[in-house]
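See below for the structure under consideration.
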Amino acid sequence: MLLHGNISIPLRLKTTYPRKVTASAHPPIKSEYTVSDESLQSRGFTLRRTIEDLNLDHLNTVFVAVGFPRRDTDKIRLALENTDTLLWYEYEKTKRPVAFARATGDGVFNAIIWDVVVDPSFQGIGLGKAVMERILEELLGKGICNVALYSEPRVLGFYRPLGFVADPDGIRGMVYSRKQKKKK
């Protein structure tokens, strides 16, 4: 996401076309995850997939802690109500969100992952990868094969092992930017 002059680089999940992805009603095979649900649960992290019980002020605190600007919680709620897929981890001891990601799209072909954040106090223990692996699994399970995200240049290396590449096959992302009018 392009915010206050920060540079964002659009990334896409590397796919080979045509790629057949089938939806599955079966639960995910947890051994495919880098960090299992059981391991996370044993450390006090609960996976949530709805906005129910998500305290938006606490989520906003995580956003600010990772460098996003503080957002209006009414607008956060509206954005989440218009989000197709979201998931977050709650730390049971504090009942606060510590990792979060969401995706929007057309529900068939395309999705964009937004707002991937992990509270800095909980970074480095696998929560970011856990959020990304699970959101990708959900999107691919729906048959969505064109998945993109925006990333700060300093964290591109985090997304590459998950299958994301910048400018795949020469495709370039573009972002609309309204130029400020010069004051006379």
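Note that the coordinates shown come from a computational prediction; the quantities given were computed from them, not determined experimentally.
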Considering all heavy atoms of both residues, which atom of [X] and which atom of [Y] are nearest to each other, and what is their separation?
X      : Y      : answer
Leu40  : Ala130 : CD1-CB, 3.7 Å
Asp167 : Gly173 : OD1-N, 4.4 Å
Arg70  : Val64  : CA-CG2, 3.6 Å
Pro161 : Gly157 : CD-O, 3.0 Å
Val116 : Ala101 : CG2-CB, 3.9 Å
Gln123 : Val66  : NE2-CG1, 4.0 Å

Do any N or O atoms from the side chain of Asp169 and from the backbone of Ile171 form a donor-acceptor pair under 3.5 angstrom? no
Where the side chain of Trp88 meets the backbone of Thr50, is there a donor-acceptor pair that is under 3.5 Å apart?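 The answer is yes, because a donor-acceptor pair under 3.5 Å joins these two groups.
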Dump the intermediate steps for side chain to side chain contact (heavy atoms under 4.5 Å, CB included) on Val118 and Tyr89, then the final yes or no. CA-CA 9 Å; Val118 177; Tyr89 279 97; over 6 Å; no
With the side chain counted from C-beta on, respond yes when Glu81 and Ile51 share a heavy-atom pair under 4.5 Å apart, and no when they do not.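 The answer is yes, as the side chains (C-beta and beyond) meet within the 4.5 Å cut-off.
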Flag the pair Leu87 / Leu47 as yes when at least one side-chain heavy-atom distance between them is below 4.5 Å, and no otherwise. yes
Straight-line distance of [X] [atom1] to [Y] [atom2], nearest 0.5 Å:
X      : Y      : atom1 : atom2 : value
Leu162 : Ile135 : CG    : CD1   : 12.0 Å
Arg71  : Leu56  : CZ    : CG    : 11.5 Å
Met132 : Ile113 : CE    : CD1   : 4.0 Å
Leu54  : Phe100 : CG    : CZ    : 6.5 Å
Lys75  : Asn60  : NZ    : CG    : 12.0 Å
Leu59  : Ile76  : CG    : CD1   : 5.5 Å

Let's go through Phe164 and Val147 carefully: what are the C-alpha distance in whole Å and the side-chain angles of both, what is the deciding distance for side chain to side chain contact (heavy atoms under 4.5 Å, CB included) to 0.1 Å, and is it a yes or a no? CA-CA 9 Å; Phe164 286 88; Val147 180; 4.2 Å; yes
[X], [Y]: one ILVMFWY side-chain cluster at the under-4.5 Å cut-off?
X      : Y      : result
Leu78  : Phe68  : no
Ile112 : Phe109 : no
Val155 : Leu127 : yes
Leu136 : Val108 : no

Decide if atom [atom1] of [X] counts as having more than 12 heavy atoms of other residues, nucleotides or ligands within a radius under 6.0 Å.
X     : atom1 : value
Arg77 : CZ    : no
Arg48 : CZ    : yes
Glu92 : CD    : yes

Checking side chain to side chain contact (heavy atoms under 4.5 Å, CB included) for the pair Ile125/Arg43: CA distance, chi angles, key distance, verdict? CA-CA 10 Å; Ile125 61 172; Arg43 293 188 276 167; 4.0 Å; yes
If we check side-chain hydrogen bond (donor to acceptor under 3.5 Å, both in side chains) with Arg102, which of these qualifies: Thr83, Asp84, Thr85?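 Single pass found, and it is Thr83.
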Plane angle bin for Tyr150 and Trp114 - parallel if under 30°, tilted between 30 and 60°, otherwise perpendicular: parallel
Verify side chain to side chain contact (heavy atoms under 4.5 Å, CB included) between Arg49 and Arg134, making sure each step is shown before the conclusion. CA-CA 10 Å; Arg49 294 183 181 269; Arg134 285 153 182 82; 4.1 Å; yes
